[in-house]
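Working notes, beginning with the structure itself.
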Amino acid sequence: MKIFVKLSLALIAFFPLMSMSRGGARSQLDAELARLDVVIANRETYIAGREQRIRSLKKILETTEFSDDQRVMLNQQLIDEYVPYQVDSAIEYLYSNIALCDRLGNRSRVDRSRIQLSYLYSSAGIYLEAANLLDRVDTAALCSEGLVKYYIARHKLNDELLLYSRDTLQKRHSWQLAEYYARQIVENTDSASMANVQFRLWQAIDRKDYDLAVEYADRFCAGQQPLTRDYAIAAHMRALVADRTGDRETAQIWYARAAATDIQLAIRDNSALKSLSITLLDYDVTRAMRYVRVVMDDARFFNSWLRPWQDMTVMYSIEKAYMDRQQRVNVLYNIVFLSIGIFLLLAFGGLLFFRRQNRKLNVARLQLQQANAKLNESNAKLNESNAKLNESNDNLQRFNEKLLSLNDQLSESNEVKEEYIGIFLTMCSEYIDKIMGTRRHVRRMLVDGRIAELRKEYSSPEPNKRELDEFYHNFDTTFLHLYPTFIEDFNSLLDSEARIKPKKGELLTTELRIFALIRLGIRDSSKIAALLRYSTTTIYNYRSKIKNHTIVSREDFEERIKTIGAFNPQHH
């Protein structure tokens with residue numbers, strides 16, 4: 001019996017020692033996995049954020065009339081949202097952009113969209129269509145940046161064929177082409193650019209020069225901002241290098257970082273979490289099973305043709321590992337149950353001995369009952385204290401929920417402002433395109449000697465007035481979206497006789513536009529005059545006239561204007 005007791009105590013002490021040893025060696029990995037678990041728990045929140053951006057862009061497309069050029073730009077924003085999120089929707093909008101650009105006669109934009117669609121097809125396993133799209137691109141007409149993107153798409157196609165083709169000749173041919181296009185990318189990009197470092201890293205891995213690959217991978221990661229897709233790509237490649245060199249722990253840490261970034265950015269075309277699941281088979285098969293279920297859910301939603309097939313292979317490996325673990329656990333349970341049975345037999349023998357000591361134990365039991373009574377009394381008091389503590393915790397939790405709600409509202413407010421500022425900048429870009437188009441037209445007319453025709457074409461002021469009216473309308477609409485209470489708040493700073501009310505069909509008056517620009521941070525009268533097409537004296541007179549009717553001090557008036565529309569939690 002003494003031997004059995006000593007063996008049991010040794011086993012009991014052995015397992016905590018194993019746990020402590022493992023925790024000391026892999027504490028950083030455990031911390032990264034714990035952080036990843038928290039991120040996965042909040043996964044639906046990140047997905048909801050991307051869905052909100054997509055709905056906002058679609059609503060703008062549906063409720064506003066845009067030119068084909070503007071619609072191409074808005075479609076591209078939707079494509080950028082969908083590419084890492086849902087492949088069929090991204091393909092749909094890419095085809096829409098190709099049709100729009102074709103209708104506009106913009107061949108360079110058509111080719112850029114074809115290159116992007118080909119890259120997406122390669123990622124989804126649609127290799128024939130990807131190759132056909134790239135064959136239709138006129139590489140001679142591409143700019144240097146477009147040519148690099150073409151090389152990247154070609155490299156992606158051949159890299160995928162190299163990974164998944166079963167034909168030996170095809171694999172060799174794809175490897176040669178992938179190596180060729182990697183060289184072209186490196187030779188045609190700046191040495192400090194992300195693409196240059198990324199493909200030099202690919203070349204180092206391909207040559208099995210892992211020391212150089214580690215150097216490039218570390219530089220690649222250091223050059224990226226956290227919580228960006230580029231950082232997720234860099235972290236994934238750093239993990240691949242560590243995996244190739246047999247540094248499993250470092251690979252798992254970087255896979256976990258890449259996967260956490262993918263989930264926080266609501267990227268559903270993610271492979272880092274799948275790679276992490278595979279490496280965890282010998283470490284934490286239960287966690288690996290949980291992760292791969294997330295991978296399968298993302299693959300189904302992303303709707304790639306290739307991903308589910310790849311993920312099913314991983315799922316089979318993990319399920320097999322899980323079943324093997326269960327078998328080992330069952331064997332351990334059998335050993336434990338057998339040990340318990342032996343222990344019960346020994347305990348029965350001991351019971352016969354203990355009955356002889358029953359009288360002494362009765363005395364001890366009585367004393368124990370008295371001690372228990374006192375302990376119960378203490379427990380009752382402790383429970384009462386715990387109830388009060390729980391009540392305090394509930395109050396704290398409600399406060400935290402309110403605080404989180406306010407933070408969500410603030411984030412939403414900032415996102416809406418950023419969205420409309422993006423639209424305004426897009427419109428400014430379109431005006432620049434129009435000016436450049438006009439300059440090219442005038443230059444052609446002058447070269448052709450059609451000066452009289454040019455003078456007649458530009459003798460009427462009507463086009464200038466129409467452009468200026470359109471500029472005012474776009475500015476007014478965008479500004480009032482950003483600050484819908486601006487007119488009301490502005491008038492609240494003036495006496496009742498001087499308050500401004502726009503006419504029917506008018507959004508903002510000249511005075512309101514001047515102070516709208518001041519609200520946006522443009523205070524110099526000459527800059528305001530240039531934007532609104534007035535003289536500096538006129539702008540100065542308008543500002544002075546309004547300040548003469550303010551109900552606050554003239555010195556504080558414009559500072560008060562700059563606070564209109566600022567976020568205030570009490571208003572939400």
Side-chain angles (χ1 to χ4, degrees), residues 14-40 159 162-164 198 201-222 224 226 231-263 267 270-296 298-299 307 310-329:
F14 177 70
F15 289 111
L17 286 174
M18 285 181 60
S19 178
M20 289 173 63
S21 175
R22 186 192 68 174
R26 310 197 69 171
S27 57
Q28 186 179 2
L29 174 59
D30 289 338
E32 291 293 342
L33 293 176
R35 188 174 76 88
L36 177 59
D37 289 340
V38 172
V39 170
I40 290 175
D159 196 35
L162 176 62
L163 286 172
Y164 300 113
Q198 181 178 352
L201 171 57
W202 185 93
Q203 289 175 324
I205 294 173
D206 186 55
R207 294 193 301 267
K208 295 183 173 57
D209 187 352
Y210 294 123
D211 290 337
L212 184 61
V214 169
E215 178 186 339
Y216 284 146
D218 288 337
R219 189 189 308 173
F220 193 19
C221 292
Q224 310 309 319
Y231 177 80
I233 294 170
H236 193 186
M237 293 195 74
R238 179 64 182 89
L240 288 174
V241 174
D243 216 351
R244 291 285 184 92
T245 59
D247 188 353
R248 179 59 61 88
E249 184 177 329
T250 300
Q252 289 169 333
I253 289 170
W254 282 102
Y255 278 138
R257 290 171 180 171
T261 304
D262 282 339
I263 292 170
I267 295 173
N270 52 41
S271 56
L273 190 61
K274 179 179 68 177
S275 299
L276 177 61
S277 301
I278 296 171
T279 64
L280 286 174
L281 287 178
D282 298 330
Y283 179 63
D284 190 343
V285 70
T286 303
R287 188 178 246 142
M289 177 69 78
R290 188 168 73 249
Y291 288 169
V292 85
R293 289 195 181 105
V294 175
V295 172
M296 293 295 291
D298 280 345
R307 291 287 183 267
Q310 297 170 337
D311 295 341
M312 282 301 297
T313 305
V314 176
M315 188 67 176
Y316 171 76
S317 300
I318 292 176
E319 283 186 345
K320 185 177 183 301
Y322 186 78
M323 293 301 297
D324 292 342
R325 176 182 176 275
Q326 287 298 110
Q327 289 178 358
R328 291 194 299 271
V329 169

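All residue numbers refer to positions in the sequence shown, counting from 1. Because the structure is a prediction, the values reported are computed rather than measured.
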### Query
Between R287 and A34, which heavy-atom pair has the shortest distance, and what is it?
NH2-N, 4.3 Å
### Query
Taking the side chain as C-beta and beyond, is there a heavy-atom pair between L280 and L33 under 4.5 Å?
yes
### Task
Output the distance between atom CD (E215) and atom CG (D209), rounded to the nearest 0.5 Å.
9.5 Å
### Task
Specify the closest pair of heavy atoms between A260 and V39, including all atoms of both residues, with the distance to one decimal.
O-CG1, 3.7 Å
### Query
Measuring from D30:CG to R35:CZ, what's the distance to the nearest 0.5 Å?
14.0 Å
### Query
With distance as the sole test, does Q224 use its side chain to make a donor-acceptor pair with the main-chain N or O of F220 at under 3.5 Å?
yes
### Query
Does some side-chain heavy atom of D262 sit less than 4.5 Å from a side-chain heavy atom of H236?
no
### Task
Would you check if L276 and L36 make a side-chain contact, meaning some heavy-atom pair closer than 4.5 Å?
yes
### Query
Is Q252 reaching over with its side chain to a backbone N or O of T279, donor-acceptor style, under 3.5 angstrom?
yes
### Query
Looking at CG of D243 and CD1 of I278, how far apart are the two atoms once the value is rounded to the nearest 0.5 Å?
9.0 Å
### Task
Report the distance from atom CD1 of I267 to atom CD1 of I233, rounding to the nearest 0.5 Å.
7.5 Å
### Query
Atom SG of C221 and atom CG of L201: how far apart are they, to the nearest 0.5 Å?
9.0 Å
### Query
So do Y231 and R257 actually touch side chain to side chain, heavy atoms under 4.5 Å?
yes
### Query
What is the minimum heavy-atom distance between A272 and A259, and which atoms define it?
CB-N, 3.7 Å
### Task
Measure the CZ-CZ distance between R219 and R238 for me, rounded to the nearest 0.5 Å.
13.5 Å
### side-chain contact (heavy atoms from CB on, under 4.5 Å) between Y291 and I40, intermediate numbers included
CA-CA 9 Å; Y291 288 169; I40 290 175; 3.5 Å; yes
### Query
What closest approach, in Å, do A239 and W254 show between heavy atoms, and which atom pair accounts for it?
CB-CB, 3.6 Å
### Query
Taking the side chain as C-beta and beyond, is there a heavy-atom pair between D37 and R290 under 4.5 Å?
yes
### Query
Taking all atoms of both residues into account, what is the closest heavy-atom pair of A242 and A251, and its distance?
CB-N, 3.6 Å
